[in-house]
Amino acid sequence: LVSGYERPPSMSSPDDPGGTHVFPRMIRDQLPRAVKGDGVYIIDADGKRYLDGSGGAAVSCLGHSDTDVIRAIQDQAENLAFAHTGFFTSQPAENLADHLIGKAPDGIDWVYFMSGGSEAIEAALKMARQYFLEIGETARTRFIARHQSYHGNTLGALSIGGNALRRKPFEPFLIEASHIAPCYAYRHRRDGESEEEYGLRAADELEAEIQRLGPNTVAAFIAETVGGATAGVLPPVEGYFKRIREICDRHGVLLILDEVMSGMGRTGTTFACEQDGIAPDIVCVAKGLGGGYQPIGAALVSAKLFQAFRDGSGFFQHGHTYMGHPTACAAALAVQRKIETEDLLANVRRQGDLLDTLLHGRLGNHANIGDIRGRGLFRGIELVADRTSKEPLDLSLKVHARIKAHAMDRGLICYPGGGGADGVRGDHVLLAPPFIIEEAQTRDLVEILGNSIDAALAGAC
Ligand code: PLP
């Protein structure tokens, strides 16, 4: 034992059922123990049921008990759980790549499998850098990303990320990256400016930053297609990404889209960028790819990039032990096939519209709700102290944390966060329920969330 350290009483011994040796995310929180999944519900050790209104963190797109996915995992594990990708390819990886490329944006032809979102982003960053080495544009070392973004917690992903709170302790380790403003119409659109005018102005910040850095020093611009957990779902306005694509093309800068959260059907189309009418050079996916049944992520890559590697050094200087894991690929393939065969994206759009309508009905006139936004089953609610000035709530009230606690008490999992308005202040709730959610459950979600928000504000103000 470190001198002076005592285990808290509830963690006194590993033999004590209340005790633990698991180093948790939040040291002081006492969490219920999840023991079973049942459709859109998670059940804890006391038998309490929680409606999963956020799929954890936008992960569980098929809920928690899909028997086809479970069988696919069992079958694969019985045949071959793992074979190192330095020695073998595998059928599940081949089949999953075929499936993904069949639905991928124009020009995307190759899949580099990883085990999660941060790994997919790290791979994309290195791939962009090595691509420019392969084609002899060696001065292109810089990345431009956006404030109020999140791309993962590994050092490369954190460096390009724009989540001020998550970056702060590790600033000395981070590689240099530029950040422009996000596309955040609620806070950044000027009075009298149309959404489209605003979108072009926001995108033109990229042009200015490329010029400032020197166009031939910039490797890539990276953005979440629909902003996720940092500011509470930021859908781009019409025309924003078309202008971004034009700017990237003009300067030979790669466009990397992070669809770790917003991709794989979450917004109602397989790739979120389909709705923006553009195709990236690399698109990263994870969470909804395996739906939480197995850990898996991927960077999907254009034929143009791949060709440079094939015609150049012949390898990508990267890799992880568990990349292309056969059991994870088999699970993800089963998840994706289920979404296709059951036409679950139609349900995402239907329930997404209903969720939006119900949220506006329950919270649209609420004195502390500033904005309700999103696409498909990916919705964000931003709270404010004052609707006219859009002044965020007092930081010390910790309203987002209170909402989470009240929702859990009432049997609802939602994903509240803070710091979205300006990097420090701002409270929001992110919703991302499973694609299998039914109308009655969507109604329950909104009812419990509304009550939890009311209770949190009553306790705080
Ligand atoms: N990118 C986005 C947009 C995310 O939301 C996340 C996780 O929340 C990541 C990357 C990192 O993914 P992971 O937590 O699987 O490493």
Side-chain angles (χ1 to χ4, degrees), residues 25 54-61 112-128 143 145-167 170 174 177 179 182-184 220-236 241 255-267 271-273 276 280 282-300 320 322-323 325 328 331-332 335 374-380 413-420 428-432:
R25 287 175 181 250
S54 58
V59 176
S60 301
C61 57
Y112 191 81
F113 286 117
M114 296 270 92
S115 299
S118 303
E119 278 190 13
I121 296 290
E122 295 286 336
L125 298 177
K126 283 186 169 179
M127 211 177 265
F143 292 99
R146 304 189 299 182
H147 294 294
Q148 311 303 85
S149 62
Y150 182 60
H151 298 294
N153 262 334
T154 49
L155 292 176
L158 197 62
S159 298
I160 50 137
N163 184 312
L165 294 169
R166 294 191 188 214
R167 289 171 58 93
F170 307 104
L174 303 183
H179 295 91
C183 187
Y184 193 172
F221 173 64
I222 176 160
E224 292 160 272
T225 310
V226 177
T230 299
V233 185
L234 296 179
F241 270 113
L255 175 59
I256 302 173
L257 289 181
D258 179 345
E259 297 204 0
V260 166
M261 204 176 239
S262 60
M264 302 321 301
R266 173 61 50 205
T267 65
F271 293 88
C273 64
D276 300 283
I282 302 176
V283 55
C284 295
V285 293
K287 299 173 184 275
L289 177 58
Y293 286 89
Q294 288 283 282
I296 184 165
L300 279 64
H320 291 286
Y322 291 129
M323 63 187 294
H325 194 286
V335 168
R375 290 180 182 173
L377 282 176
F378 196 36
R379 300 281 160 181
I413 300 162
C414 60
Y415 188 7
H428 66 260
V429 181
L430 183 151
L431 297 175

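Remember, it's 1-based here, ligands and their atoms both numbered in the order they're listed. Keep in mind it's a predicted model, so treat the numbers as computed, not measured. Just so it is clear, the values below take in all heavy atoms, side chains as well, and ignore hydrogens, waters and symmetry mates.
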> Which heavy atom in M323 sits nearest to a heavy atom in M114, and how many Å separate them?
Replying inline: CB-CE, 3.7 Å
> For ligand 1, does S118 get within less than 4.0 Å through its side chain, its backbone, both, or neither, judged by non-hydrogen atoms?
Replying inline: both
> Which ligand 1 atoms are under 4.0 Å away from a heavy-atom of D258?
Replying inline: 1 (N), 2 (C), 3 (C), 10 (C)
>> Just to be sure I read this right, does ligand 1 sit under 4.0 Å from the backbone of E224, its side chain, both, or neither, counting only heavy atoms?
In response: side chain
> What residue and atom, counting heavy atoms only, is the protein's closest point to atom 9 (C) of ligand 1, and at what distance?
Replying inline: V260 CG1, 3.7 Å
> So which heavy atom on L431 is nearest to which on C414, and how close?
Replying inline: CD2-CB, 3.9 Å
> So which bit of K287 gets within less than 4.0 Å of ligand 1, heavy atoms only: side chain, backbone, both or neither?
Replying inline: side chain
> Can you list the atoms of ligand 1 that are under 4.0 Å from a heavy atom of M261?
Replying inline: 5 (O)
> Do you know the tightest heavy-atom contact between P236 and T225?
Replying inline: CD-O, 3.1 Å
>> Tell me the protein heavy atom at minimum distance from atom 15 (O) of ligand 1, and give that distance in Å.
In response: G117 N, 2.8 Å
> Minimum heavy-atom separation for A331 to Y293, with atom names?
Replying inline: CB-CB, 4.5 Å
> Closest approach of E224 and F241, non-hydrogen atoms and distance?
Replying inline: O-CZ, 4.0 Å
>> If I compare all heavy atoms of R146 with all of S149, which pair ends up nearest, and what's the gap?
In response: O-OG, 2.6 Å
